[in-house]
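Please read the structure below before turning to the comments.
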Protein chains: 2
Amino acid sequence: MARVKPQYRILLADDHALIRHGIRNLISNNPALEVIGEVGDGEELLEYLKVKVPDLLILDISMPKLTGIEAVSKVKKLYPDIKILMLTMHKNKQYFYHAMSAGADGYLMKEDSDEELLLAIKRIQNGKSYLSPYLSQDFADDVISAYRNNRSSPFETLTKREREVLNLVVDGHTSKVMAEMLHLSPRTIDHHRANLLRKFDMKNSVDLVNFAVRNGFVTQTEQ
Amino acid sequence: MARVKPQYRILLADDHALIRHGIRNLISNNPALEVIGEVGDGEELLEYLKVKVPDLLILDISMPKLTGIEAVSKVKKLYPDIKILMLTMHKNKQYFYHAMSAGADGYLMKEDSDEELLLAIKRIQNGKSYLSPYLSQDFADDVISAYRNNRSSPFETLTKREREVLNLVVDGHTSKVMAEMLHLSPRTIDHHRANLLRKFDMKNSVDLVNFAVRNGFVTQTEQ
DNA sequence: AGTTCCATGGGTAAATATACCTAGGGCAGA
DNA sequence: TCTGCCCTAGGTATATTTACCCATGGAACT
(Lines give C-alpha, C1' and ligand atoms only; values in the text may rest on other atoms or scores of the structure.)
Protein backbone atom coordinates (compact mmCIF):
# COMPACT_ATOMS: atom_id res chain seq x y z
CA MET A 1 0.00 0.00 0.00
CA ALA A 2 2.68 2.42 0.97
CA ARG A 3 5.48 1.53 -1.33
CA VAL A 4 4.85 1.98 -5.00
CA LYS A 5 8.05 3.93 -5.24
CA PRO A 6 9.74 3.22 -8.58
CA GLN A 7 13.18 1.66 -8.58
CA TYR A 8 16.25 3.82 -9.00
CA ARG A 9 17.54 2.83 -12.42
CA ILE A 10 21.26 2.61 -12.90
CA LEU A 11 23.41 2.25 -16.02
CA LEU A 12 26.96 0.94 -15.73
CA ALA A 13 29.66 2.20 -18.07
CA ASP A 14 33.03 0.57 -17.68
CA ASP A 15 35.32 -1.25 -20.06
CA HIS A 16 36.03 -3.98 -17.53
CA ALA A 17 33.25 -6.55 -17.45
CA LEU A 18 34.47 -7.82 -14.10
CA ILE A 19 33.94 -4.48 -12.47
CA ARG A 20 30.54 -4.08 -14.09
CA HIS A 21 29.44 -7.44 -12.78
CA GLY A 22 30.79 -6.76 -9.33
CA ILE A 23 28.82 -3.58 -9.09
CA ARG A 24 25.74 -5.18 -10.55
CA ASN A 25 25.96 -7.94 -8.00
CA LEU A 26 26.39 -5.55 -5.14
CA ILE A 27 23.50 -3.39 -6.23
CA SER A 28 21.23 -6.37 -6.80
CA ASN A 29 21.10 -6.90 -3.04
CA ASN A 30 19.17 -3.69 -2.79
CA PRO A 31 15.62 -4.01 -4.09
CA ALA A 32 15.29 -0.26 -4.50
CA LEU A 33 18.09 -0.17 -7.05
CA GLU A 34 18.02 -1.67 -10.50
CA VAL A 35 20.83 -2.00 -13.01
CA ILE A 36 19.05 -1.48 -16.30
CA GLY A 37 22.09 -1.98 -18.48
CA GLU A 38 25.83 -2.12 -19.03
CA VAL A 39 28.00 -0.56 -21.68
CA GLY A 40 31.70 -0.97 -22.37
CA ASP A 41 32.73 2.28 -24.00
CA GLY A 42 31.67 5.83 -24.72
CA GLU A 43 30.06 5.14 -28.07
CA GLU A 44 27.97 2.34 -26.70
CA LEU A 45 26.97 4.64 -23.89
CA LEU A 46 25.61 7.34 -26.17
CA GLU A 47 23.81 4.74 -28.30
CA TYR A 48 22.25 3.22 -25.23
CA LEU A 49 21.00 6.54 -23.95
CA LYS A 50 19.07 7.11 -27.16
CA VAL A 51 16.95 4.10 -26.23
CA LYS A 52 16.79 4.12 -22.47
CA VAL A 53 17.62 6.78 -19.90
CA PRO A 54 18.72 5.83 -16.38
CA ASP A 55 18.44 7.86 -13.21
CA LEU A 56 22.09 7.34 -12.42
CA LEU A 57 25.11 6.63 -14.58
CA ILE A 58 28.09 4.99 -12.94
CA LEU A 59 30.93 5.88 -15.21
CA ASP A 60 34.53 4.75 -15.42
CA ILE A 61 36.73 7.73 -15.94
CA SER A 62 39.13 5.93 -18.28
CA MET A 63 36.96 4.46 -20.96
CA PRO A 64 37.78 3.73 -24.60
CA LYS A 65 36.46 5.80 -27.50
CA LEU A 66 35.37 8.65 -25.28
CA THR A 67 37.12 9.55 -22.07
CA GLY A 68 35.04 9.62 -18.98
CA ILE A 69 35.47 13.35 -18.72
CA GLU A 70 34.20 13.91 -22.25
CA ALA A 71 31.38 11.48 -21.61
CA VAL A 72 30.28 13.44 -18.56
CA SER A 73 30.09 16.66 -20.53
CA LYS A 74 28.13 15.10 -23.36
CA VAL A 75 25.73 13.16 -21.20
CA LYS A 76 25.03 16.11 -18.93
CA LYS A 77 24.41 18.33 -21.94
CA LEU A 78 22.09 15.88 -23.68
CA TYR A 79 20.39 14.51 -20.59
CA PRO A 80 20.70 17.00 -17.73
CA ASP A 81 18.56 14.87 -15.43
CA ILE A 82 20.92 11.91 -15.38
CA LYS A 83 23.08 11.87 -12.28
CA ILE A 84 26.66 10.74 -12.76
CA LEU A 85 28.92 8.94 -10.35
CA MET A 86 32.51 8.77 -11.55
CA LEU A 87 34.34 5.56 -10.79
CA THR A 88 38.08 5.84 -11.02
CA MET A 89 41.44 4.50 -10.01
CA HIS A 90 43.06 7.89 -10.37
CA LYS A 91 43.95 9.54 -7.13
CA ASN A 92 44.75 12.63 -9.07
CA LYS A 93 43.49 16.11 -8.39
CA GLN A 94 43.22 17.04 -12.03
CA TYR A 95 40.91 14.18 -12.89
CA PHE A 96 38.69 15.07 -10.03
CA TYR A 97 38.49 18.74 -10.89
CA HIS A 98 37.80 18.03 -14.52
CA ALA A 99 35.15 15.47 -13.74
CA MET A 100 33.42 17.74 -11.30
CA SER A 101 33.52 20.80 -13.49
CA ALA A 102 32.19 18.67 -16.36
CA GLY A 103 29.15 17.99 -14.23
CA ALA A 104 29.74 14.75 -12.32
CA ASP A 105 27.79 14.36 -9.11
CA GLY A 106 30.12 12.01 -7.32
CA TYR A 107 33.67 10.71 -7.43
CA LEU A 108 34.41 7.24 -6.10
CA MET A 109 37.68 5.30 -6.06
CA LYS A 110 37.78 1.67 -7.18
CA GLU A 111 39.58 0.93 -3.95
CA ASP A 112 36.58 2.10 -1.98
CA SER A 113 34.46 -0.40 -0.10
CA ASP A 114 31.05 -1.65 -1.08
CA GLU A 115 29.60 0.40 1.73
CA GLU A 116 31.03 3.49 0.14
CA LEU A 117 29.41 2.75 -3.20
CA LEU A 118 26.02 2.40 -1.55
CA LEU A 119 26.56 5.59 0.40
CA ALA A 120 27.57 7.37 -2.78
CA ILE A 121 24.45 6.21 -4.60
CA LYS A 122 22.28 7.14 -1.65
CA ARG A 123 23.73 10.63 -1.47
CA ILE A 124 23.42 11.27 -5.16
CA GLN A 125 19.89 9.92 -5.14
CA ASN A 126 19.13 12.57 -2.54
CA GLY A 127 20.52 15.29 -4.73
CA LYS A 128 23.84 15.63 -2.94
CA SER A 129 27.37 15.15 -4.13
CA TYR A 130 29.85 12.52 -3.11
CA LEU A 131 33.61 12.31 -2.83
CA SER A 132 35.68 9.22 -2.10
CA PRO A 133 37.27 9.14 1.36
CA TYR A 134 40.53 8.14 -0.35
CA LEU A 135 40.68 11.54 -1.92
CA SER A 136 39.86 13.43 1.21
CA GLN A 137 43.40 12.98 2.43
CA ASP A 138 45.18 14.25 -0.62
CA PHE A 139 42.56 16.85 -1.28
CA ALA A 140 42.23 17.88 2.31
CA ASP A 141 43.41 21.43 1.85
CA ASP A 142 41.28 22.63 -1.01
CA VAL A 143 38.34 20.30 -0.76
CA ILE A 144 37.76 20.68 2.92
CA SER A 145 37.79 24.41 2.68
CA ALA A 146 35.36 24.17 -0.21
CA TYR A 147 33.03 21.93 1.75
CA ARG A 148 33.67 23.48 5.12
CA ASN A 149 30.30 25.14 5.40
CA ASN A 150 28.57 22.18 3.86
CA ARG A 151 27.11 20.39 6.87
CA SER A 152 26.90 17.04 5.14
CA SER A 153 30.48 16.55 4.16
CA PRO A 154 30.77 13.46 2.01
CA PHE A 155 33.94 11.83 3.23
CA GLU A 156 32.81 10.35 6.44
CA THR A 157 33.08 6.84 7.71
CA LEU A 158 31.91 5.56 11.04
CA THR A 159 34.04 5.74 14.16
CA LYS A 160 34.14 2.94 16.72
CA ARG A 161 31.81 4.70 19.11
CA GLU A 162 29.41 5.47 16.33
CA ARG A 163 29.27 1.81 15.35
CA GLU A 164 28.61 0.88 18.95
CA VAL A 165 25.81 3.39 19.26
CA LEU A 166 24.40 2.37 15.89
CA ASN A 167 24.10 -1.21 17.09
CA LEU A 168 22.21 -0.06 20.15
CA VAL A 169 19.97 2.23 18.14
CA VAL A 170 19.07 -0.73 15.96
CA ASP A 171 17.95 -2.51 19.10
CA GLY A 172 15.48 0.27 19.75
CA HIS A 173 17.05 1.61 22.91
CA THR A 174 16.52 5.18 24.06
CA SER A 175 19.46 7.49 24.60
CA LYS A 176 19.07 7.22 28.35
CA VAL A 177 19.32 3.44 28.27
CA MET A 178 22.24 3.45 25.86
CA ALA A 179 24.01 5.93 28.12
CA GLU A 180 23.69 3.52 31.04
CA MET A 181 24.91 0.63 28.94
CA LEU A 182 28.00 2.46 27.80
CA HIS A 183 28.51 4.43 31.03
CA LEU A 184 28.23 7.75 29.23
CA SER A 185 26.09 10.85 29.44
CA PRO A 186 22.87 10.76 27.41
CA ARG A 187 24.19 13.91 25.74
CA THR A 188 27.14 12.00 24.38
CA ILE A 189 24.81 9.38 22.98
CA ASP A 190 22.76 12.16 21.42
CA HIS A 191 25.93 13.49 19.85
CA HIS A 192 26.86 10.16 18.30
CA ARG A 193 23.33 9.52 17.14
CA ALA A 194 23.19 12.95 15.52
CA ASN A 195 26.47 12.23 13.75
CA LEU A 196 25.05 8.96 12.47
CA LEU A 197 22.00 10.70 11.10
CA ARG A 198 24.20 13.29 9.45
CA LYS A 199 26.68 10.82 8.00
CA PHE A 200 24.01 8.58 6.56
CA ASP A 201 21.92 11.52 5.49
CA MET A 202 18.87 10.26 7.34
CA LYS A 203 16.18 12.20 9.15
CA ASN A 204 15.23 9.86 11.97
CA SER A 205 16.19 6.67 13.74
CA VAL A 206 13.76 4.45 11.87
CA ASP A 207 15.30 5.40 8.55
CA LEU A 208 18.77 5.08 10.03
CA VAL A 209 18.04 1.57 11.27
CA ASN A 210 16.52 0.54 7.97
CA PHE A 211 19.49 1.78 5.98
CA ALA A 212 22.04 0.34 8.39
CA VAL A 213 20.39 -3.05 8.50
CA ARG A 214 19.83 -3.36 4.79
CA ASN A 215 23.32 -2.36 3.90
CA GLY A 216 25.07 -4.52 6.41
CA PHE A 217 26.36 -1.86 8.76
CA VAL A 218 25.06 -3.87 11.68
CA THR A 219 24.79 -7.54 12.39
CA GLN A 220 21.32 -8.49 13.39
CA THR A 221 21.26 -10.99 16.21
CA GLU A 222 18.40 -10.10 18.45
CA GLN A 223 14.71 -10.27 17.82
CA MET B 1 29.30 -5.35 20.56
CA ALA B 2 25.74 -4.71 21.53
CA ARG B 3 24.10 -8.07 21.20
CA VAL B 4 25.33 -10.77 23.50
CA LYS B 5 21.73 -11.44 24.44
CA PRO B 6 21.25 -15.17 24.96
CA GLN B 7 18.80 -16.98 22.74
CA TYR B 8 15.35 -17.82 24.02
CA ARG B 9 15.44 -21.59 24.36
CA ILE B 10 12.31 -23.51 23.44
CA LEU B 11 11.30 -27.10 23.95
CA LEU B 12 8.58 -28.64 21.79
CA ALA B 13 6.26 -31.27 23.22
CA ASP B 14 3.77 -32.76 20.78
CA ASP B 15 3.02 -36.29 19.68
CA HIS B 16 2.85 -35.26 16.04
CA ALA B 17 6.29 -34.98 14.50
CA LEU B 18 4.88 -32.96 11.63
CA ILE B 19 3.65 -30.24 13.93
CA ARG B 20 6.91 -30.22 15.84
CA HIS B 21 8.85 -29.80 12.64
CA GLY B 22 6.56 -27.10 11.37
CA ILE B 23 7.03 -25.09 14.52
CA ARG B 24 10.75 -25.72 14.57
CA ASN B 25 11.01 -24.53 11.02
CA LEU B 26 9.00 -21.40 11.69
CA ILE B 27 11.00 -20.55 14.76
CA SER B 28 14.31 -21.17 13.03
CA ASN B 29 13.72 -18.06 10.95
CA ASN B 30 14.14 -16.04 14.10
CA PRO B 31 17.74 -15.92 15.28
CA ALA B 32 16.72 -14.91 18.78
CA LEU B 33 14.79 -18.14 19.26
CA GLU B 34 16.27 -21.60 19.51
CA VAL B 35 14.50 -24.94 19.61
CA ILE B 36 16.68 -26.94 21.96
CA GLY B 37 14.71 -30.14 21.70
CA GLU B 38 11.55 -32.07 20.87
CA VAL B 39 9.68 -34.68 22.85
CA GLY B 40 6.71 -36.83 21.86
CA ASP B 41 4.94 -37.55 25.12
CA GLY B 42 4.68 -36.60 28.77
CA GLU B 43 7.20 -39.11 30.06
CA GLU B 44 9.82 -38.06 27.55
CA LEU B 45 9.11 -34.49 28.55
CA LEU B 46 9.86 -35.06 32.23
CA GLU B 47 12.95 -37.07 31.38
CA TYR B 48 14.19 -34.32 29.11
CA LEU B 49 13.70 -31.65 31.75
CA LYS B 50 15.99 -33.52 34.14
CA VAL B 51 18.79 -32.90 31.68
CA LYS B 52 18.02 -29.57 30.08
CA VAL B 53 15.65 -26.79 31.06
CA PRO B 54 14.17 -24.48 28.38
CA ASP B 55 12.88 -20.97 28.81
CA LEU B 56 9.63 -21.84 27.09
CA LEU B 57 7.75 -25.08 26.66
CA ILE B 58 5.32 -25.34 23.77
CA LEU B 59 3.01 -28.10 24.83
CA ASP B 60 0.28 -30.00 23.03
CA ILE B 61 -2.70 -30.31 25.31
CA SER B 62 -3.57 -33.81 24.14
CA MET B 63 -0.42 -35.81 24.59
CA PRO B 64 0.03 -39.51 25.36
CA LYS B 65 1.10 -40.86 28.74
CA LEU B 66 0.45 -37.58 30.49
CA THR B 67 -2.26 -35.18 29.41
CA GLY B 68 -1.19 -31.68 28.62
CA ILE B 69 -3.07 -30.39 31.64
CA GLU B 70 -1.30 -32.78 33.98
CA ALA B 71 1.99 -31.95 32.34
CA VAL B 72 1.47 -28.26 32.95
CA SER B 73 0.89 -28.82 36.65
CA LYS B 74 3.90 -31.03 37.06
CA VAL B 75 6.26 -28.91 35.04
CA LYS B 76 5.21 -25.70 36.76
CA LYS B 77 5.62 -27.35 40.15
CA LEU B 78 9.06 -28.78 39.41
CA TYR B 79 10.36 -25.89 37.28
CA PRO B 80 8.42 -22.73 38.11
CA ASP B 81 10.57 -20.61 35.81
CA ILE B 82 9.61 -22.44 32.64
CA LYS B 83 6.96 -20.58 30.69
CA ILE B 84 4.34 -22.73 29.01
CA LEU B 85 2.42 -22.11 25.83
CA MET B 86 -0.42 -24.56 25.30
CA LEU B 87 -0.99 -25.65 21.74
CA THR B 88 -4.36 -27.18 21.11
CA MET B 89 -7.05 -28.01 18.64
CA HIS B 90 -9.72 -27.84 21.32
CA LYS B 91 -11.95 -24.83 21.11
CA ASN B 92 -13.39 -25.81 24.43
CA LYS B 93 -13.78 -23.60 27.44
CA GLN B 94 -13.02 -26.33 29.92
CA TYR B 95 -9.63 -27.14 28.43
CA PHE B 96 -8.70 -23.52 28.49
CA TYR B 97 -9.73 -22.98 32.09
CA HIS B 98 -7.95 -26.10 33.24
CA ALA B 99 -4.81 -25.26 31.36
CA MET B 100 -4.74 -21.75 32.70
CA SER B 101 -5.47 -22.69 36.27
CA ALA B 102 -2.79 -25.37 36.02
CA GLY B 103 -0.34 -22.58 35.28
CA ALA B 104 -0.09 -22.22 31.50
CA ASP B 105 1.04 -18.82 30.25
CA GLY B 106 -0.58 -18.93 26.85
CA TYR B 107 -3.20 -20.81 24.88
CA LEU B 108 -2.84 -21.07 21.13
CA MET B 109 -5.00 -22.92 18.58
CA LYS B 110 -3.40 -25.09 15.93
CA GLU B 111 -5.52 -23.22 13.43
CA ASP B 112 -3.80 -20.01 14.33
CA SER B 113 -1.40 -18.41 11.89
CA ASP B 114 2.36 -18.37 12.08
CA GLU B 115 2.17 -14.72 12.99
CA GLU B 116 0.10 -15.62 16.00
CA LEU B 117 2.65 -18.13 17.22
CA LEU B 118 5.38 -15.54 17.06
CA LEU B 119 3.21 -13.01 18.82
CA ALA B 120 2.40 -15.57 21.49
CA ILE B 121 6.08 -16.34 22.08
CA LYS B 122 6.92 -12.68 22.15
CA ARG B 123 4.26 -11.91 24.69
CA ILE B 124 5.16 -14.79 26.96
CA GLN B 125 8.82 -13.87 26.66
CA ASN B 126 7.86 -10.46 28.00
CA GLY B 127 6.08 -11.98 30.95
CA LYS B 128 2.57 -11.56 29.60
CA SER B 129 -0.12 -14.06 28.83
CA TYR B 130 -1.54 -15.02 25.48
CA LEU B 131 -4.87 -16.26 24.22
CA SER B 132 -5.71 -17.44 20.73
CA PRO B 133 -7.91 -15.06 18.75
CA TYR B 134 -10.03 -18.07 17.79
CA LEU B 135 -11.10 -18.38 21.37
CA SER B 136 -11.83 -14.75 21.87
CA GLN B 137 -15.10 -15.17 20.01
CA ASP B 138 -16.43 -18.10 21.98
CA PHE B 139 -14.96 -16.83 25.18
CA ALA B 140 -15.99 -13.28 24.60
CA ASP B 141 -18.25 -12.96 27.57
CA ASP B 142 -16.08 -14.26 30.37
CA VAL B 143 -12.64 -13.65 28.97
CA ILE B 144 -13.21 -10.12 27.81
CA SER B 145 -14.67 -9.11 31.11
CA ALA B 146 -11.68 -10.70 32.80
CA TYR B 147 -9.23 -8.86 30.56
CA ARG B 148 -11.29 -5.70 30.22
CA ASN B 149 -9.02 -3.60 32.39
CA ASN B 150 -5.91 -5.25 31.02
CA ARG B 151 -4.62 -2.72 28.50
CA SER B 152 -2.65 -5.28 26.53
CA SER B 153 -5.38 -7.68 25.61
CA PRO B 154 -3.88 -10.62 23.78
CA PHE B 155 -6.40 -11.32 21.05
CA GLU B 156 -5.71 -8.57 18.66
CA THR B 157 -4.96 -8.65 15.00
CA LEU B 158 -4.26 -5.69 12.77
CA THR B 159 -6.99 -3.68 11.12
CA LYS B 160 -6.65 -2.34 7.59
CA ARG B 161 -5.80 1.15 8.72
CA GLU B 162 -3.26 -0.17 11.16
CA ARG B 163 -1.55 -2.11 8.41
CA GLU B 164 -1.47 1.00 6.25
CA VAL B 165 0.02 3.07 9.04
CA LEU B 166 2.47 0.30 9.88
CA ASN B 167 3.80 0.35 6.34
CA LEU B 168 4.31 4.09 6.55
CA VAL B 169 5.96 3.86 9.95
CA VAL B 170 8.40 1.35 8.48
CA ASP B 171 9.28 3.98 5.92
CA GLY B 172 10.30 6.31 8.71
CA HIS B 173 7.64 8.94 8.18
CA THR B 174 6.50 11.23 10.97
CA SER B 175 2.87 11.32 12.03
CA LYS B 176 2.42 14.68 10.36
CA VAL B 177 3.63 13.36 7.00
CA MET B 178 1.59 10.19 7.25
CA ALA B 179 -1.47 12.30 8.05
CA GLU B 180 -0.97 14.24 4.82
CA MET B 181 -0.48 11.04 2.84
CA LEU B 182 -3.67 9.48 4.12
CA HIS B 183 -5.62 12.75 4.38
CA LEU B 184 -6.16 12.29 8.10
CA SER B 185 -5.48 14.20 11.27
CA PRO B 186 -2.08 13.56 12.88
CA ARG B 187 -4.06 12.60 15.98
CA THR B 188 -5.63 9.73 14.13
CA ILE B 189 -2.24 8.54 13.00
CA ASP B 190 -1.06 8.76 16.59
CA HIS B 191 -4.02 6.67 17.60
CA HIS B 192 -3.23 3.93 15.09
CA ARG B 193 0.44 4.01 15.90
CA ALA B 194 -0.30 3.68 19.60
CA ASN B 195 -2.54 0.71 18.88
CA LEU B 196 0.26 -0.90 16.90
CA LEU B 197 2.69 -0.45 19.76
CA ARG B 198 0.16 -1.90 22.17
CA LYS B 199 -0.81 -4.85 19.99
CA PHE B 200 2.78 -5.83 19.29
CA ASP B 201 3.81 -5.06 22.83
CA MET B 202 6.59 -2.74 21.71
CA LYS B 203 7.90 0.39 23.33
CA ASN B 204 8.92 2.50 20.36
CA SER B 205 8.81 2.74 16.60
CA VAL B 206 12.24 1.28 16.01
CA ASP B 207 11.32 -1.91 17.84
CA LEU B 208 7.97 -1.95 16.09
CA VAL B 209 9.59 -1.69 12.69
CA ASN B 210 12.14 -4.36 13.50
CA PHE B 211 9.51 -6.80 14.67
CA ALA B 212 7.15 -6.06 11.82
CA VAL B 213 9.85 -6.41 9.19
CA ARG B 214 11.36 -9.58 10.57
CA ASN B 215 8.07 -11.32 10.97
CA GLY B 216 6.67 -10.43 7.60
CA PHE B 217 4.00 -7.99 8.64
CA VAL B 218 5.21 -5.57 6.01
CA THR B 219 6.66 -6.01 2.56
CA GLN B 220 9.88 -4.17 2.16
CA THR B 221 10.26 -2.56 -1.21
CA GLU B 222 11.92 0.77 -0.74
CA GLN B 223 15.40 1.55 0.36
C1' DA C 1 -32.34 -2.45 19.75
C1' DG C 2 -28.35 -3.24 21.75
C1' DT C 3 -23.42 -4.41 21.55
C1' DT C 4 -18.90 -4.29 19.81
C1' DC C 5 -15.40 -2.79 16.89
C1' DC C 6 -13.39 0.45 13.79
C1' DA C 7 -12.05 4.92 12.31
C1' DT C 8 -12.12 9.43 13.25
C1' DG C 9 -9.99 13.27 16.13
C1' DG C 10 -9.76 16.50 20.28
C1' DG C 11 -7.19 17.54 25.15
C1' DT C 12 -3.20 17.13 28.02
C1' DA C 13 1.34 15.80 29.70
C1' DA C 14 5.55 13.75 29.76
C1' DA C 15 9.33 11.54 27.50
C1' DT C 16 12.35 11.35 23.72
C1' DA C 17 14.57 12.76 19.69
C1' DT C 18 16.54 16.19 16.76
C1' DA C 19 19.06 20.51 15.74
C1' DC C 20 21.71 24.00 16.75
C1' DC C 21 25.49 25.98 19.94
C1' DT C 22 29.73 25.57 22.95
C1' DA C 23 34.31 23.45 24.94
C1' DG C 24 38.13 20.60 26.84
C1' DG C 25 41.28 16.55 26.84
C1' DG C 26 43.66 12.96 24.32
C1' DC C 27 45.86 11.26 20.37
C1' DA C 28 48.14 11.09 15.94
C1' DG C 29 50.22 12.97 12.03
C1' DA C 30 52.60 17.01 9.50
C1' DT D 1 54.13 22.58 17.96
C1' DC D 2 50.19 22.94 15.40
C1' DT D 3 46.18 20.91 13.43
C1' DG D 4 42.52 17.99 12.89
C1' DC D 5 39.80 14.40 14.73
C1' DC D 6 37.48 11.75 18.26
C1' DC D 7 35.21 11.44 22.51
C1' DT D 8 33.29 13.54 26.10
C1' DA D 9 29.28 16.50 27.74
C1' DG D 10 26.70 20.75 28.87
C1' DG D 11 23.04 24.58 27.15
C1' DT D 12 18.91 25.63 24.69
C1' DA D 13 15.06 25.09 21.66
C1' DT D 14 11.92 22.70 18.94
C1' DA D 15 9.76 18.58 16.97
C1' DT D 16 8.09 14.24 17.66
C1' DT D 17 6.58 10.37 20.04
C1' DT D 18 4.25 8.05 23.59
C1' DA D 19 0.65 7.61 27.06
C1' DC D 20 -3.23 8.56 29.07
C1' DC D 21 -8.07 10.80 28.87
C1' DC D 22 -12.40 11.57 26.07
C1' DA D 23 -16.36 11.46 22.29
C1' DT D 24 -18.95 10.51 17.84
C1' DG D 25 -20.64 8.03 13.76
C1' DG D 26 -20.86 3.96 11.00
C1' DA D 27 -20.69 -0.96 10.02
C1' DA D 28 -21.54 -5.52 11.49
C1' DC D 29 -23.40 -8.87 14.16
C1' DT D 30 -27.10 -10.73 17.73
Side-chain angles (χ1 to χ4, degrees), chain A residues 133 136-145 147-149 151-153 155-166 168-180 182-209, chain B residues 133 136-141 143-145 147-153 155-166 168-180 182-209:
Chain A
S136 66
Q137 288 153 11
D138 297 300
F139 284 64
D141 295 336
D142 355 32
V143 179
I144 285 180
S145 67
Y147 279 91
R148 182 156 334 243
N149 45 358
R151 295 293 303 122
S152 51
S153 163
F155 13 84
E156 320 210 59
T157 43
L158 301 189
T159 66
K160 283 177 195 171
R161 264 303 195 221
E162 284 162 0
R163 285 184 193 276
E164 275 184 335
V165 172
L166 178 55
L168 295 177
V169 170
V170 169
D171 283 355
H173 298 298
T174 64
S175 293
K176 201 192 294 177
V177 171
M178 290 187 269
E180 287 164 11
L182 299 179
H183 307 292
L184 295 175
S185 157
R187 308 310 311 281
T188 306
I189 303 294
D190 285 342
H191 169 83
H192 292 307
R193 188 206 296 252
N195 278 339
L196 287 165
L197 290 179
R198 183 175 50 78
K199 288 187 175 180
F200 282 106
D201 203 29
M202 296 286 163
K203 281 174 197 159
N204 58 56
S205 294
V206 169
D207 281 333
L208 173 65
V209 168
Chain B
S136 66
Q137 287 152 13
D138 296 295
F139 283 66
D141 295 335
V143 179
I144 286 180
S145 66
Y147 280 91
R148 176 138 1 222
N149 44 0
N150 184 350
R151 295 294 303 124
S152 51
S153 162
F155 14 83
E156 320 209 61
T157 42
L158 301 189
T159 67
K160 283 178 194 171
R161 263 301 196 226
E162 283 163 1
R163 283 184 193 277
E164 276 183 335
V165 172
L166 178 55
L168 294 177
V169 170
V170 169
D171 284 355
H173 299 298
T174 66
S175 294
K176 202 192 292 178
V177 172
M178 291 187 266
E180 286 164 10
L182 299 179
H183 306 293
L184 294 175
S185 158
R187 307 312 308 282
T188 306
I189 303 294
D190 285 340
H191 170 83
H192 292 307
R193 188 209 294 254
N195 279 338
L196 287 164
L197 291 179
R198 183 175 50 77
K199 287 186 176 182
F200 284 106
D201 203 30
M202 295 287 164
K203 281 175 196 158
N204 58 57
S205 294
V206 168
D207 281 333
L208 173 64
V209 167

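In what follows, chains are A, B, ... by sequence order, proteins preceding strands, each numbered from 1. This is a predicted model, so every value here is computed, not measured.
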Query raised in the report: Is B/R161 near enough to C/dT8 that one of its side-chain N or O atoms lies under 4.0 angstrom from OP1 or OP2?
Result: yes

**Report entry** Touch class at under 4.0 angstrom, heavy-atom based, for B/T174 against every strand present
**Finding:** sugar-phosphate

**Report entry** Distance below 4.0 Å between A/H192 side-chain N/O and D/dA9 OP1 or OP2
**Finding:** no

Report task. Check whether any side-chain N or O of A/T188 sits under 4.0 Å from OP1 or OP2 of D/dT8, and answer yes or no. Result -> no

Query - N/O donor-acceptor pair, side chain A/R187 with base D/dT12, under 3.5 angstrom - result: yes

Query raised in the report: Is A/S185 near enough to D/dT8 that one of its side-chain N or O atoms lies under 4.0 angstrom from OP1 or OP2?
Result: no

Query raised in the report: Within this structure, what is the CZ-to-C1' distance between A/R163 and D/dC6, rounded to whole angstrom?
Result: 15 Å

Requested in this report: Using whole Å, report how far CZ of B/R193 lies from C1' of C/dG9.
Outcome: 16 Å

Query raised in the report: Is the backbone N or O of A/G172 less than 3.5 Å from a side-chain atom of B/N204, with the two atoms forming a donor-acceptor pair by type?
Result: yes

**Report entry** Side-chain donor/acceptor of B/D207 to backbone N/O of B/M202, under 3.5 Å
**Finding:** no

Requested in this report: Answer with base, sugar-phosphate or nothing: what part of the nucleic acid does B/D190 contact at a heavy-atom distance below 4.0 Å?
Outcome: base

**Report entry** Nearest-0.5 Å distance that lies between atom CZ in B/R161 and atom CD in B/E164
**Finding:** 4.5 Å

Requested in this report: Let me know, please, whether B/L184 or A/S205 comes out on the 5' side of the other along DNA chain C by nearest nucleotide.
Outcome: B/L184

Query raised in the report: Rounded to the nearest Å, what distance is computed from the CG atom of residue A/L197 to the P atom of nucleotide C/dT16?
Result: 18 Å

Query raised in the report: If you round to the nearest 0.5 Å, how far is NZ of B/K199 from CG of B/L166?
Result: 11.0 Å

Report summary line: B/L168 CG to D/dT17 C1', in whole Å, measures 16 Å

**Report entry** Nearest-Å distance for atom pair CG/P, residues B/L208 and D/dA19
**Finding:** 11 Å

Query - Interatomic distance where CZ belongs to B/R198 and C1' belongs to D/dT17 [whole Å] - result: 17 Å

Report task. Can you tell me the distance, in whole Å, between the CD1 atom of B/I189 and the P atom of D/dT18? Result -> 13 Å

Query raised in the report: Pick from B/L184, B/I189, B/T188: which one makes a side chain to side chain contact (heavy atoms under 4.5 Å, CB included) with B/M178?
Result: B/I189

Report task. Take atom NE2 of A/H191 and atom C1' of C/dA17, then tell me their distance rounded to the nearest Å. Result -> 16 Å

Query raised in the report: Between B/K176 and D/dT16, does any side-chain N or O lie under 4.0 Å from OP1 or OP2?
Result: yes

